[in-house]
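The next block holds one structure in the form of structure tokens; read it before the comments.
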Amino acid sequence: MIKLNDYLYDGETIFRILQKYIDDLEENALSTHNQVDLVHCAFLDTIYELLEHNEFLTSQSQRIREFYKYMVVAYPYLAFTFKGRIKSIIRSEEKFNRYIVDFIYEYYQKYHHFPATQEIKEKLSCFRDVLAYRIVISLPKCHLKKGQDLEEEEIKLLYEIANKMPVFLESQGFTVVKANLEGRECSELLDKSLWDTYRDYVHKPTGVGYRSLHLTLFDDQARCHVEVQLRTKSMDDSAEIGESNHLRYEESQEQQKNRRLEIPEGECVFFDEAYERVVSLENLDLAKLDVNMFTAVNNSLINDGCGLFRGRQILPFEHLSRFQNGLVD
């Protein structure tokens with residue numbers, strides 16, 4: 001079986017690793033008539049192209065930056081950061097395969113048989129967060145009025161910004177993509193006209209407590225999808241270094257084990273291969289990897305200069321609020 005892990009020990013660059021992995025995966029998929037792995041190859045090709053042909057990021061970043069400049073003027077009392085990233089190779093690969101595992105498992109639970117290959121292929125066409133921007137806001141306590149609750153005021157501001165962002169970004173050459181809500185509710189603070197565009201994990205957090213607003217856009221100039229995430233600082237801390245991050249990992253590990261028990265090996269080749277890839281990536285000892293521009297002392301102390309594990313940052317902006325920082329030009 002072809003898996004990414006086998007390509008991470010030869011000192012190659014990310015481009016060489018990806019190209020070898022794609023070539024071998026495609027050759028194997030064609031010889032075994034594995035249609036899901038051909039979709040997998042197309043997904044990896046998209047990441048390769050984003051990394052190799054990234055000239056569009058300059059234009060895209062500048063157009064996103066216009067909203068940053070707008071916020072500096074409209075919300076001088078807020079502190080906030082704008083960051084952009086291309087999802088790392090390891091996390092992209094892990095997410096793609098986990099999505100296969102989850103879809104097949106949930107389908108099997110519901111219908112008591114496995115989905116057809118075409119159904120799996122159609123489900124895998126929804127990855128739109130390889131390229132993403134994150135806006136994190138914080139209201140300094142010195143700007144709180146007497147009797148105001150910090151979390152409550154930050155959430156109000158978060159939705160206020162969310163209500164303004166789609167129209168603004170459409171004026172910059174982006175098209176809002178409708179979200180697949182599947183009955184999910186949104187907060188009353190979000191304009192009703194936007195309920196079918198945002199995925200509102202602030203109003204309805206995930207099972208591990210993850211909270212964020214997600215908006216998917218299509219960049220009409222670069223011809224690619226982009227995700228924008230809106231969070232408060234406390235939500236971002238929880239997701240990145242706090243309870244949500246810890247629980248998400250533990251829940252993922254437990255889910256994988258339970259799903260393997262309920263779908264024995266040999267019952268569905270697509271499940272078997274995706275499951276093995278996910279488990280292999282989760283068990284990587286990063287300190288033993290030999291990838292050009294990447295070094296790790298252990299799984300916590302990492303210098304990722306190539307976007308293998310943590311992702312490649314493309315747009316760092318920070319505004320500390322007017323009383324600490326002047327206007328950007």
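Since the model is a prediction, treat every value here as computed from it, not as a measurement.
Residues satisfying the ring-ring contact (aromatic ring centres under 6.0 Å, His included) criterion with F114, sequence neighbours excluded, are Y108. Residues satisfying the ring-ring contact (aromatic ring centres under 6.0 Å, His included) test with H214, not counting sequence neighbours, are Y201, Y210. With sequence neighbours left out, Q109 forms a side-chain hydrogen bond (donor to acceptor under 3.5 Å, both in side chains) with E262.
To the nearest 0.5 Å, the span separating CD1 on I89 from CG on L308 amounts to 7.0 Å. The distance from atom CG of L8 to atom CD1 of I14, rounded to the nearest 0.5 Å, is 7.5 Å. Rounded to the nearest 0.5 angstrom, F270 CZ and I100 CD1 are separated by 9.0 Å. Atom SG of C41 is separated from atom CG of N28 by 9.0 Å, given to the nearest 0.5 angstrom. Atom CZ of residue R312 and atom CG of residue L50 lie 10.5 Å apart, to the nearest 0.5 angstrom. Atom CD1 in I22 sits 13.0 Å away from atom CD1 in I2 (nearest 0.5 Å).
The residues E153 and K156 are annotated as salt-bridged, a charged nitrogen and a carboxylate oxygen being separated by less than 4.0 angstrom. Ion pairing between a basic and an acidic side chain is recognised when a charged N comes within 4.0 Å of a carboxylate O; E94 and K87 show no such pairing. Salt-bridge formation is not detected for the pair D200/K204: no Lys NZ or Arg NE/NH1/NH2 atom is positioned less than 4.0 Å from an Asp or Glu carboxylate oxygen. The existence of a salt bridge linking D304 and R310 is excluded, since no basic side-chain nitrogen approaches an acidic carboxylate oxygen closer than 4.0 Å. No salt bridge links R259 with E265; every basic N to acidic carboxylate O contact stays at or beyond 4.0 Å. For the pair K110 and E106, the salt-bridge criterion is not met [side-chain N within less than 4.0 Å of a carboxylate O].
Ring centroid separation for the pair F309 and F294 does not come in under the 6.0 Å cut-off. Between Y107 and H113, the distance from one ring center to the other falls under 6.0 angstrom. Here F15 and Y48 bring their ring centres to under 6.0 angstrom of each other.
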Does the ring-ring contact (aromatic ring centres under 6.0 Å, His included) test come out yes or no for F80 and Y75, once each step is laid out?
CA-CA 10 Å; F80 52 86; Y75 301 96; 8.0 Å; no
Working note: Y105 + F271, criterion ring-ring contact (aromatic ring centres under 6.0 Å, His included); need CA distance, chi angles, decisive distance, verdict.
CA-CA 8 Å; Y105 172 82; F271 183 94; 7.5 Å; no
Derivation of the salt bridge (charged side-chain N to carboxylate O under 4.0 Å, His left out) call for R98 and E282
CA-CA 11 Å; R98 184 180 285 115; E282 286 181 341; 2.8 Å; yes
Please lay out, stage by stage, how R277 and D37 fare under the test salt bridge (charged side-chain N to carboxylate O under 4.0 Å, His left out).
CA-CA 12 Å; R277 286 177 180 132; D37 269 350; 3.2 Å; yes
For the pair E66 and F168, evaluate side chain to side chain contact (heavy atoms under 4.5 Å, CB included) and give the outcome as yes or no after the intermediate values.
CA-CA 9 Å; E66 290 305 311; F168 187 99; 3.9 Å; yes
Using the rule given for side chain to side chain contact (heavy atoms under 4.5 Å, CB included), can you reason through I137 versus I135, listing the C-alpha separation, both sets of side-chain angles and the distance that settles it, and then say yes or no?
CA-CA 7 Å; I137 70 166; I135 302 171; 4.2 Å; yes
Assess the residue pair V136 and M235 against the criterion (side chain to side chain contact (heavy atoms under 4.5 Å, CB included)); give the C-alpha distance rounded to whole Å, side-chain angles, the decisive distance to 0.1 Å, and a yes or no.
CA-CA 9 Å; V136 180; M235 293 173 193; over 6 Å; no
Do C306 and V291 pass the side chain to side chain contact (heavy atoms under 4.5 Å, CB included) test, and can you show the C-alpha distance, the side-chain angles, and the key distance before you say yes or no?
CA-CA 9 Å; C306 59; V291 177; 4.3 Å; yes
Test ring-ring contact (aromatic ring centres under 6.0 Å, His included) applied to F67 and Y70, step by step
CA-CA 5 Å; F67 191 68; Y70 161 77; 5.5 Å; yes
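Side-chain atoms of E154 never come within 3.5 Å of backbone atoms of S138 as a donor-acceptor pair (strictly under, hydrogens ignored). A distance-only check finds a donor-acceptor pair linking the side chain of N299 to the backbone of L286 [under 3.5 Å]. A donor-acceptor contact shorter than 3.5 Å links the side chain of N283 to the backbone of V279. With hydrogens and angles ignored, the 3.5 Å screen pairs no side-chain donor or acceptor of D236 with any backbone N or O of R231. Using a distance-only test at 3.5 Å, with no hydrogens or angles considered, a donor-acceptor pair links the side chain of N34 to the main chain of V36. With W195 contributing its side chain and L190 its backbone, the two residues share a donor-acceptor pair below 3.5 Å. E152 places no side-chain N or O within 3.5 Å of a backbone atom of D149 that could act as its donor or acceptor partner. Under the 3.5 Å distance criterion, the side-chain polar atoms of E52 are left unmatched by any main-chain donor or acceptor of E49. In terms of modelled atom types and a separation under 3.5 Å, the side chain of R85 and the main chain of Q313 share no donor-acceptor contact. Listed for the D219 side chain is no donor-acceptor partner under 3.5 Å among the backbone atoms of C224.
Through direct or relayed side-chain contacts under 4.5 Å between Ile, Leu, Val, Met, Phe, Trp and Tyr, L30 connects to L38. V177 belongs to a hydrophobic cluster whose other members, connected by ILVMFWY side-chain contacts under 4.5 Å either directly or through intermediates, are F218.
For residues 16-25, the set of pairs meeting the salt bridge (charged side-chain N to carboxylate O under 4.0 Å, His left out) definition, not counting sequence neighbours, comprises E12-R16, E12-K20.
Heavy atoms of other residues, nucleotides or ligands lying less than 6.0 angstrom from CD of E27 number 12 at most. Within a 6.0 Å radius of CE in M1, more than 12 heavy atoms belonging to other residues, nucleotides or ligands are found. Other residues, nucleotides and ligands place more than 12 heavy atoms under 6.0 Å from the NZ atom of K164.
Side chains of T216 and R199: a donor on one and an acceptor on the other come within 3.5 Å. Of the N and O atoms on the side chains of R65 and S61, not one donor lies less than 3.5 Å from an acceptor on the other residue. Side-chain polar atoms of N303 and T295 form no donor-acceptor pair below 3.5 angstrom. Under 3.5 Å, the side chains of R134 and Q229 contain a donor-acceptor pair of N or O atoms. With no hydrogens or angles considered, no side-chain donor-acceptor pair links N97 and E276 at under 3.5 Å. For the residue pair H40 and E26, no side-chain donor N or O sits within less than 3.5 Å of a side-chain acceptor on the partner. Side-chain contact check for Y133 and Q60: at least one donor-acceptor pair (N or O, by modelled atom type) lies under 3.5 Å.
A heavy-atom distance below 4.5 Å is found between the side chains of Y198 and L230.
The two residues R63 and G173 make their nearest non-hydrogen contact at NH1-O, 3.9 Å. Across all non-hydrogen atoms, the minimal contact from L150 to K141 is CD2-CE, 4.2 Å. Between D129 and K95 the shortest heavy-atom distance is OD2-NZ, 2.5 Å.
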